[in-house]
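Lettering of chains follows the sequences in order, A, B, ..., and the numbering in each one begins at 1. Computation of the quantities below employed the complete heavy-atom set of this structure, encompassing side-chain atoms and omitting hydrogens, waters and symmetry-equivalent molecules.
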Amino acid sequence: MSGPAASTATSTETSTTTPRKRRSIGWLLLLPGALWLAAFFVTPLVQLVATSLYDPNGSVEAGYAMTWSWGNYTEALDFYSEPFIRGFVYAGIATVLCLLIGYPLAYAIVFKAGRWKNLMLVLVIAPFFTSFLVRTLAWKLILADNGFVVSTFKTLGLVDDDGRLLATGFAVVAGLTYNFLPFMVLPLYASLERLDHRLIEAAGDLYASPAQGFRKVTLPLSMPGVVAGTLLTFIPSAGDFINSQLLGDTNQTMIGNSIQTLFEAGSYPAASALSVTLMALIIVMVAIYIRRAGTEELL
Amino acid sequence: MVRLGRWVSDHVVAGVGLLVLIYLFVPMFVVIAMSFNDPASRAAYTLDGFTVRNWTNPCEPEGLCSSLVTSLQVGILATVGATVLGTLMAFALVRHRFRGRGTANVVIFLPMASPEVVLGASLLALFVSTAGGGVLGFGTILIAHIMFCLSFVVVTVRARLQGMDTSLEQAAMDLYATESQAFWKVTFPLVFPGILSAALLAFALSFDDFIVTNFNSGQTVTFPMYVWGVAQRDIPMQINVIGTAMFLVAVLLVVVSEVLRVRRERVR
Amino acid sequence: MTLDTTDADGAADPGTDVAGAGDLELRSLTKRFGDYAAVNSLDLTVPAGAFFALLGPSGCGKTTTLRMVAGLEVPSDGEVLLGGVDITWAKPYKRPVNTVFQSYALFPHLTIHENVAFGLRRQGRSDVNGPVGDMLSLVELEDFAGRKPAQLSGGQQQRVALARALINEPKVLLLDEPLGALDLKLRRQMQLELKRIQLGVGVTFVHVTHDQEEAMTMADTIAVMNAGVIEQMGSPNELYENPRTTFVANFLGQSNLVDADISGRDGDDVVVDAQGAKVRIPADRVQVNDGKVWLGVRPEKVFLASTGEPHTGNSLGTARIVDVSFVGVSTQYLVRMGWGQELMAFEQNTGARPIMRSADEVEVRFNGAHAFVLDHAQDARAGVDED
């Protein structure tokens, strides 16, 4: 490449077609997908916001009237603050656990697996070809009251003699951690894979202990993977209701359960108000988190 | 002593990684075992006896196989739809400069950053408010699946396209290929692996989706919907047969493609 | 060593519609990116069959020029003519011009055979096996036809890129830093190889490079480009021996440039006052008629004589040696002149003269027919340390 000027030239205009023509082709290619997203992602979100302000006394059959009922929000938050908080707490714990056990796995695959690297990567993904629900049901069996895990925990004194694991926060968090672990491992793997191994050796050469080398070199350079992984884990777990439903009971309801139950009961305005609040909270948290982590370019 | 310490510190990470991998496989072992389970009673979801009956009669439980067929139909159609739309979008975003690219990128990113429950709920709100509850069914499931698979397809194909050297297309044109020949002889074959993995991802997402589907399915039952339904009552062991079979098919696909790749590289 | 001509039936030859001599002509060719002119009103004629090099530092516009000839970039202004035919607006695939790309741009999904056959197939030729085989043997890669590009070494890939372009029998072959990715030893070897192939096939080669040694080794004609314009064009010998700008003097090899004034004319010579020393330079080596100038002498043209040694020719006065570097074939001296400037002098280690030592006093002499006089308005450091 012959210098900065020429290289910008080649990257911005690589074809002989005129820019105007290329611009219209770009629009044309984008159009079908963009229309689909506009119709079935953006419009529904607008509709969701509208529905959250409808008269709560309406019904699907009779129709709803737009009454700008901001009360839907205060009522929903009053009534559902507990599952809201629980949902975020469970998702937060599950995300931290995923990071703690996912990082060593990703690290081992990249730096320790050698020629088994591809195989290990396949093994990480493989269980996920089996249905999410079928696997969660398997956990239900593993954590069952008469199962091996509970009896071991009882022997170790981790659980009371009449205690159980199912229908506890432990089971729900364990299920979330398990189900979303690959969403943590894969981005971590991708960012560690890109990391130049010689940098870690250079750190060692410059008197960094392995722990210091990790803290000062490996971890900062894998931050994009950490950020992407935590987002991909936290966001779906915060809205999940399957784990709480199958592994927990009414004391472990998360916000996803509340939304789902309200919709099934036909209370659309209240359910919508909860959904909008959830979405808004997540967007705010993600924005703050990304800014803090200094990885805006991730988007 | 020093030597032992070094060995331990060199292998501790690998050991932890291996343990985590085993943890990932624990439920898989249970699913496989349960597929051969002969339960003491219909209501009990516990490991009792051994039988191959579940494997010989996978369709015995009412509605299981029809739900599977529905899932496959939705999966295939959603994959085709999302892959076509998403690939076009990826080309537009990587190869063309136009006003509104930034907005387009954000709109494509957002569905991936939205909890599924919000995606499902908002679509339900739209469907019900515009056409009433009666429209819910196969069509609305398909619309929803194409929507949430689309972003993943765009991201996957875009990554592949960005990694592709544009000088290859220029070289093709320099060697007397017209624009369309350059596309079909060079660009497309090189991007194809990306499109293929995007399609596989889309199929996996669609086939396994429960939350969004649950909001928009009406009376239509997909396989995850079926499992959800029976999980509240008594669970037929055959769902484990399906789970194991899907696992085996996926692993087989990976193994075959890997063998083909190695052989292709070793030829000559 | 010729290209296979037995099946050049003309129908598939993209160049047959171009009549007359195959000279490549650029007329006031200009390429602007925004306000920045990467190539600024360039006029250039490359005679058919020449090995032509466009030499210049990064960002001088040479690659952009090449891409406009290839049709990969549309000029903002000006024309490109090939054999008298205007091809300025022709698509890349409509021009009898082929390119060896900088990173080769071999198609990774196709075998070497299919890479080389690509151009012929696009032109509708079905009998590709013969020409491809001949071409692969020309670049000595017959045994690699079935491999994929990734299985070849850098030098082999480079030869495939060359074969892939040459098989189309282009009127002009464009080479964009074709040896940039190779290590020094392989680069030397490929320079000779390229020259051999060019002489064999007789195709016009236009070679873009920032490596002055590469350009001088291979090309019959070099155009030195800087900031979008051609500074000077000529044979390697002309450019080196009689540079017309400070940029050329510094970019091709090294030069001592001394602050001087024109003081008059004496027959065919111009008399120059260099820091008090009167020196005579032939008029055809002087670019300006009066006023302040740079007097240039290449380091190897400087002769360091012991003081008092009788001489004819020019002297710049006495100097003291401040540094001596022994580099095997030659010894490189740095001497400080009376006016404070440090000059370089290279002397062959013929063994005829003893090697001098630091702090020795010497007289700095040169032959006027080996020096040159440049416009003082130019930057004395233009082209130094650029590549």
Side-chain angles (χ1 to χ4, degrees), chain A residues 14 22-23 25-27 29-30 32-34 36-37 40-45 47-48 51 60 101 104-105 107-109 112 120 122-124 126-127 129-135 137-139 141-142 181 210 235-236 238-239 241-242 246 256 259-260 263 268 271-272 275 278-279 282 286 299, chain B residues 9 13-14 16-17 20-21 24-28 30-31 34 45 85-86 88-89 91-92 96-98 104 107 109 111 113-118 121-126 128-129 133 143-144 146-147 150 166 170 204 208 210 215 223-224 227-228 231 235 239-240 243 246-247 250-251 254 258:
Chain A
T14 45
R22 287 179 64 79
R23 199 166 300 160
I25 292 175
W27 270 105
L29 292 174
L30 196 68
W36 197 278
L37 284 180
F40 302 118
F41 173 67
V42 180
T43 319
L45 281 183
Q47 181 60 46
L48 188 73
T51 307
V60 180
I101 65 175
L105 178 56
Y107 190 93
I109 294 175
K112 304 286 176 187
M120 279 181 82
V122 170
L123 289 181
V124 170
F129 291 107
T130 297
S131 173
F132 183 94
L133 286 164
V134 174
R135 275 180 292 120
L137 285 177
W139 272 113
L141 191 71
I142 295 166
L181 185 57
I235 295 170
F241 61 81
I242 295 174
L246 293 182
I259 295 174
Q260 196 248 354
F263 266 108
Y268 282 30
S272 300
S275 305
L278 173 66
M279 181 83 183
I282 284 184
V286 167
L299 298 183
Chain B
S9 69
V13 180
V16 172
V20 177
L21 209 55
L24 274 171
F25 264 81
V26 165
M28 233 14 260
V30 175
V31 170
M34 290 296 274
Y45 195 62
L85 295 181
L88 294 180
M89 289 180 97
F91 268 95
H96 299 271
R97 299 281 173 276
F98 47 85
V107 172
F109 170 77
S114 309
E116 277 192 273
V117 71
V118 174
S122 60
L123 267 173
L124 176 65
L126 176 76
V128 168
S129 70
I143 287 174
I146 291 179
M147 184 272 290
L150 193 52
T166 48
Q170 294 172 15
D208 205 23
F210 170 70
F215 280 101
F223 179 66
V227 176
W228 180 256
I235 307 166
I239 63 163
N240 295 298
M246 272 155 40
F247 173 77
V251 170
V254 171
E258 189 72 2

Between B:M89 and A:L37, is any pair of side-chain heavy atoms under 4.5 Å apart?
yes

Scored by heavy-atom pairs under 4.5 Å with chain A, the best of B:A231, B:P27, B:G243 is B:P27

A side-chain contact here means heavy atoms from C-beta on lying under 4.5 Å apart; do A:L133 and B:F223 qualify?
no

Ranking B:A144, B:S129, B:A204 by heavy-atom pairs under 4.5 Å to chain A gives rank one to B:S129

Side chain / backbone / both / neither for B:V254 at chain A, heavy atoms under 4.5 Å:
side chain

Between B:V31, B:I146, B:L24, B:V117, which shows the greatest number of heavy-atom pairs under 4.5 Å with chain A?
B:L24

For B:I143, which atoms come within 4.5 Å of any heavy atom of chain A: side chain, backbone, both, or neither?
both

Quick check on the interface: out of B:A121, B:A14, B:G86, who has the most heavy-atom pairs with chain A under 4.5 Å?
B:A121

In the structure I gave you, are the side-chain heavy atoms of B:V227 and A:V134 within less than 4.5 Å of one another anywhere?
yes

Below 4.5 Å, heavy atoms only, C-beta onward: do B:L124 and A:Y268 meet side chain to side chain?
yes

Can you name the one residue among A:I235, A:I282, A:L48 that meets side-chain contact (heavy atoms from CB on, under 4.5 Å) with B:V118?
A:L48

Check whether any side-chain heavy atom of B:V20 sits under 4.5 Å from a side-chain heavy atom of A:L181, and report yes or no.
yes

Any heavy-atom pair between the side chains of B:D208 and A:R135 that's under 4.5 Å?
yes

Taking side chain as everything from C-beta outward and backbone as N, CA, C, O, which of these in B:A104 sits under 4.5 Å from a heavy atom of chain A? Side chain, backbone, both or neither.
side chain

Among the options A:A126, A:A271, A:P236, pick out the one with the most heavy-atom pairs lying under 4.5 Å from chain B.
A:A126

Nearest non-hydrogen partners of B:G17 and A:A108, listed with the distance:
CA-CB, 4.2 Å

Sort A:L45 into side chain, backbone, both or neither according to what part of it lies under 4.5 angstrom from a heavy atom of chain B.
both

Chain B heavy atoms under 4.5 Å from A:I142: which part of the residue, side chain, backbone, both or neither?
side chain

Hey, does B:S122 have a side-chain heavy atom less than 4.5 Å from the side chain of A:Q47?
no

State yes or no: are the ring centers of B:F210 and A:F132 separated by less than 6.0 Å?
no

In this structure, CG of B:L85 is separated from CG of A:L30 (nearest 0.5 Å) by 10.5 Å

Give the member of A:S131, A:S272, A:P32, A:G256 that has the highest number of heavy-atom pairs under 4.5 Å with chain B.
A:S131

Could you tell me if the side chain of B:V30 sits less than 4.5 Å from the side chain of A:W139, heavy atoms only?
no

For A:I25 against B:H96, the heavy-atom pair lying closest together:
CG2-CE1, 3.5 Å

Check B:V16 against A:P104 and note the closest heavy-atom contact, atom names and distance.
CG1-CB, 3.5 Å

All heavy atoms of B:A92 vs all of A:G26, minimum pair found to be CB-O, 3.3 Å

Contact leader toward chain B among A:I101, A:V286, A:T43, where contacts are heavy-atom pairs under 4.5 Å
A:I101

Closest heavy-atom contact between A:P127 and B:F247?
N-CE1, 4.1 Å

Heavy-atom distance under 4.5 Å to chain B: side chain of A:L123, backbone, both or neither?
both

What are the two closest non-hydrogen atoms of B:L150 and A:G33, and how far apart are they?
CD2-O, 3.7 Å

